[in-house]
Amino acid sequence: MTMHAQFHAMRGFTRDPSVTKQKLKPGTVRRIAAYARPYRLELTIFLLAAALDAGVTVGYPVLLGIVIDKGILPKRPSVVLTVAGIMAGLALFDAFLSVVQRYFTSRVGEGLIYDLRTQVFGHVQRQPIAFFTRAQTGSLVSRLNSDVIGAQQALTSTLSSVVSSTLQLVLVLAAMFIYSWQISLVVLVLIPAFLYPARRVGRRLQRLTRESMQLDAQLGSTMTERFNVAGAMLAKLYGRPADELGLFSGRAARVRDIGVLTALWGSALVTGLGLLATLSQSVVYGLGGELVIHGALQIGSMVALATLLTRLYGPITSLSNVQVNYMTALVSFDRVFEVLDLKPIIDERPGATPLPAAGRDGSAMAPDIQFDHVSFRYPTASEVSLASLESIALQVPERAGPGQQALTDVSFRAPAGKLTALVGSSGAGKTTITHLVARMYDPTSGVVSIGGADIRDVTLESLHEVVGVVTQDAHLYHDTIRANLLYARPAASEQELILACQAAQIWDLIAVLPDGLDTVVGDRGYRLSGGEKQRIALARLLLKAPSVVVLDEATAHLDSESEAAVQRALKTALAGRTSLVIAHRLSTVREADQILVIDGGRVVEAGRHADLLASGGLYADLYQTQFARQQTAASSRTATGASV
C-alpha cells in the first residue's frame with residue numbers, strides 16, 4: 001500500500017462522521033458555486049490535470065506488464081528500451097501534472113481563502129459595539145482561520161479527491177478485469193476485510209482527534225489569557241505562577257497522552273492496512289502464479305495486477321469517506337456564511353448624506369447635539385450576536401442587562417461650541433448617552449440629532465469625522481506612538497504631531513525617549529502608565545480635531561498635576577467645539593456651560609454648577625459627599641504625615 005494511500009486512509013478515517021448529521025441552510029451549495037465562479041478556468045485546468053494524473057497512475061503498471069511480457073521474456077531489447085523510455089516520459093509527465101495541480105489548486109485555494117477572509121473581516125468590522133461585547137475573540141479568529149481553510153477544501157482537495165479517486169478506481173478495476181476477472185473478483189471480496197477494521201480503528205481515532213482539538217483549544221485560551229500583560233500581572237500580584245504552571249502542565253500532559261495514543265492507533269491503522277494490502281498481493285501472486293503455470297496468465301500481467309492492486313485501496317478509502325469530507329467542507333462554509341448573514345443593526349440608510357464638519361482650526365460653526373425623547377435598551381444576544389460565537393453572556397456597559405431599559409425619555413440640548421458635563425452615580429446611563437452620540441447604538445425610540453440632522457440619516461464616515469471620543473480606558477495598538485497618533489489622521493505632518501502632543505502635555509515625555517515618536521508602546525500600550533496612555537489618546541483626539549468631542553472620564557488616570565495641565569490644554573483646544581464630558585470628580589466640571597445630572601436613565605437636573613448647588617438636589621448631594629470624602633482623605637494624609 002503506497003504512502004499516498006495511507007495518508008488518504010488516515011485523513012479520511014480521522015474525520016468526524018457526526019458532521020454528516022448537521023443540516024445545512026438551503027442554498028449553501030449555490031452560494032459556494034458563486035465563490036467558485038471567478039476561478040472557472042483554474043478549476044477546469046486543475047480537474048483536467050487530476051484526470052490525466054489518474055490515467056498515468058494506471059498506465060505505469062500496464063507498461064510494467066508490457067516490458068516483462070513483450071520485452072524481457074522474449075529477449076527483445078528494442079521493446080525494453082522503448083517501453084522504458086515511455087515509462088520515463090510518463091514519470092516526467094506525471095511530475096509535470098503534479099506541479100500543475102499544485103499550482104492551480106493553490107491559485108484557487110489561496111484565492112478563495114483571501115476572498116472569504118477579507119469579506120468576513122470587513123463584515124465583522126461593520127458590526128455594532130454590542131456584537132463585540134458578546135462574541136469571543138477566539139471564536140471570531142477561528143472563523144477567519146480554521147473555518148475559512150476548511151471551506152476552501154470543498155473546491156480543492158475534496159473536489160480533486162472525488163474526481164481523481166473515481167477515475168482511478170474505474171480505470172484500475174477495468175485494467176484488472178482485462179488482465180484476469182478471477183483475480184479481480186477475489187480482490188473485490190477482500191475489500192470489506194480492508195474497510196471493516198479500518199473503520200473500527202478510525203472511530204477510536206475520531207474520538208481521540210476530537211478530544212485533542214478541544215484540549216488544544218483550552219491550551220490556546222490559557223496561553224492567550226496568561227500571556228497578555230494583564231493576565232501575567234494578575235498571576236504575579238496574587239502569587240499564583242506555580243498554580244498556573246500546574247494547571248497548564250496538567251492540560252499539556254493530557255495532550256501528550258492523547259498524542260501517544262493517537263500515534264499508536266494511527267500506526268496500528270496504517271500497519272493493518274499495509275498488512276491487508278500485502279495479504280491481498282499474496283493472493284494475487286498465489287492465484288496469479290497458478291494461472292501463469294497453467295498458461296492462463298502471463299508473468300508480466302501478474303506483476304501488473306499486483307502493482308495495480310497497490311493503487312486500488314487509496315481511491316476506495318477516499319470515496320468511502322467522501323460524504324464526511326464533503327460535509328466537513330460544507331459545514332465550514334456554512335459557519336462562514338453564518339457570520340456573513342448576521343446583519344449589522346447599525347448601518348447606513350439608503351440615501352444617507354454627509355454631516356458637515358467644522359474646520360480643523362475651529363473656524364466653522366460647531367453643531368449642537370439634541371436628544372429628543374430618547375429611550376434605549378441594550379440589544380439582546382439574538383439581535384446582535386450568534387450563539388456559536390459566545391459561550392458566556394458578557395455584561396453590557398452600564399450594568400444594564402440586554403433587554404433592560406437603560407435610558408427613558410431623555411431630552412436635552414448640548415449647545416453648539418459649549419461644554420456640557422454629564423454627572424451621576426455609576427450605572428446611571430452617562431456612557432450610554434455618549435454611545436448614542438457616536439452611534440455605537442441606535443435609540444429604541446426618539447431622535448438623536450447633530451446640527452439638526454438625525455444621525456441615522458447621515459453617513460457613518462462623516463459622523464465619525466465630526467464626533468471624536470476618548471474613553472476612560474484608552475486603547476493603543478501594539479505599534480509606535482507615531483502610528484497610534486496617525487490612526488486619527490494619516491496625512492498629518494511631523495509638526496502637527498508634535499503640536500498635538502504638546503497640547504496634550506505629553507511631548508516632554510516623548511521627546512526624551514530614545515526613539516521619540518517611533519517608540520513602541522507594547523501590547524495595549526502597557527509600556528506606558530495609565531496617565532501617559534490617556535494623554536496620547538488625547539493627543540490623537542486633538543490631531544483629529546473633530547467639531548464634537550466626547551470625553552468619557554478621559555482624565556481619570558491622571559494625577560492632580562497632569563490633570564490640571566490637560567484641563568488647561570483642553571480648555572484652549574476645545575474652544576468653539578461642542579463638548580460632552582463625563583466626570584466623576586465634580587471639581588473638573590465646575591466651569592461647564594451646562595451640567596446634566598443623570599439618575600436611573602433620566603435627566604433629573606440641568607444647569608450650571610452654582611445653580612445646581614443652590615437648588616439642593618441630587619447634584620448638591622453628590623458634590624457634598626465627594627467633598628466630604630476629599631476632606632477625610634486630606635485629614636488622613638495630614639495625620640499620617642504628623643505621626644511619621
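Just so it is clear, the values below take in all heavy atoms, side chains as well, and ignore hydrogens, waters and symmetry mates.
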Chemist: If I compare all heavy atoms of L618 with all of E605, which pair ends up nearest, and what's the gap?
Modeler: N-OE1, 2.9 Å

Chemist: Check whether any side-chain heavy atom of I450 lies under 4.5 Å from a side-chain heavy atom of V458, and answer yes or no.
Modeler: no

Chemist: Strictly below 4.0 Å, N to O, side chains only: are R126 and D347 in salt-bridge contact?
Modeler: yes

Chemist: Check the pair V512 / D508 against side-chain contact (heavy atoms from CB on, under 4.5 Å), numbers first and verdict last.
Modeler: CA-CA 7 Å; V512 299; D508 289 344; over 6 Å; no

Chemist: Is any NZ, NE, NH1 or NH2 atom of the basic residue among D442 and R439 found under 4.0 Å from an Asp or Glu carboxylate oxygen of the other?
Modeler: yes

Chemist: Nearest 0.5 angstrom please: L355 CG to E461 CD, how far?
Modeler: 12.0 Å

Chemist: Can T420 and Q594 be said to form a side chain to side chain donor-acceptor pair (under 3.5 Å), step by step?
Modeler: CA-CA 5 Å; T420 297; Q594 177 183 221; 3.2 Å; yes

Chemist: Taking all non-hydrogen atoms of both residues into account, name the closest pair between L580 and A414 and its distance.
Modeler: CD1-CB, 4.4 Å

Chemist: Consider only side-chain N and O atoms of Q119 and H123, and report whether a donor and an acceptor are under 3.5 Å apart.
Modeler: no

Chemist: For side-chain contact (heavy atoms from CB on, under 4.5 Å), just list the numbers for V423 and I595, CA-CA rounded to whole Å, side-chain angles, deciding distance to a tenth of an Å, and then say yes or no.
Modeler: CA-CA 7 Å; V423 301; I595 298 174; 3.8 Å; yes

Chemist: Side chains of R413 and P415: closer than 4.5 Å at any heavy-atom pair?
Modeler: yes

Chemist: Write down the atom of T444, the atom of F376, and the distance for their closest heavy-atom approach.
Modeler: OG1-CA, 3.2 Å

Chemist: For G522, is there any backbone N or O sitting under 3.5 Å from a side-chain donor or acceptor partner on H478?
Modeler: yes

Chemist: Hey, do the aromatic rings of Y477 and H475 have their centres closer than 6.0 Å?
Modeler: yes

Chemist: Could you report the tightest heavy-atom contact between R540 and N484, atom names first, then the distance?
Modeler: CD-O, 3.0 Å

Chemist: With a 4.5 Å heavy-atom cut-off, do V548 and P367 have their side chains touching?
Modeler: yes

Chemist: If I compare all heavy atoms of G424 with all of K430, which pair ends up nearest, and what's the gap?
Modeler: O-NZ, 3.2 Å

Chemist: At what distance, to the nearest 0.5 angstrom, does CG of D457 lie from OG of S449?
Modeler: 10.5 Å

Chemist: Provide the closest heavy-atom pair for V437 versus V448 in the form atom of the first, atom of the second, distance.
Modeler: CA-CG1, 4.5 Å

Chemist: I506 versus I481: any side-chain heavy-atom pair under 4.5 Å?
Modeler: no

Chemist: Answer whether the closest heavy-atom distance between the side chains of L419 and E591 falls below 4.5 Å.
Modeler: no

Chemist: Roughly how far, to the nearest 0.5 Å, is CD of Q127 from CD1 of I345?
Modeler: 8.5 Å

Chemist: Taking the inter-plane angle between the rings of H609 and Y623 on a 0 to 90° scale, is it parallel (under 30°), tilted (30 to 60°) or perpendicular (over 60°)?
Modeler: perpendicular

Chemist: Show, in sequence, the C-alpha distance, side-chain angles and deciding distance for T432 and Y441, and conclude whether the side chain to side chain donor-acceptor pair (under 3.5 Å) test is met.
Modeler: CA-CA 9 Å; T432 301; Y441 300 90; over 6 Å; no

Chemist: Report the residue from L528, L538, V521 that forms a side-chain contact (heavy atoms from CB on, under 4.5 Å) with K533.
Modeler: L528

Chemist: Can you tell me how far CG of L340 sits from CG of L116, rounded to the nearest 0.5 angstrom?
Modeler: 7.5 Å

Chemist: Find the distance between OG1 (T431) and CG (L422) and round it off to the nearest 0.5 Å.
Modeler: 9.0 Å

Chemist: Applying side-chain contact (heavy atoms from CB on, under 4.5 Å) to F371 and L436, what does each step give before you reach the verdict?
Modeler: CA-CA 10 Å; F371 273 55; L436 294 180; 4.0 Å; yes

Chemist: With C501, which of L543, I536, L542, I510 fulfils side-chain contact (heavy atoms from CB on, under 4.5 Å)?
Modeler: I510

Chemist: Going from CG on L596 to OH on Y619, what distance comes out if it is rounded to the nearest 0.5 angstrom?
Modeler: 11.5 Å

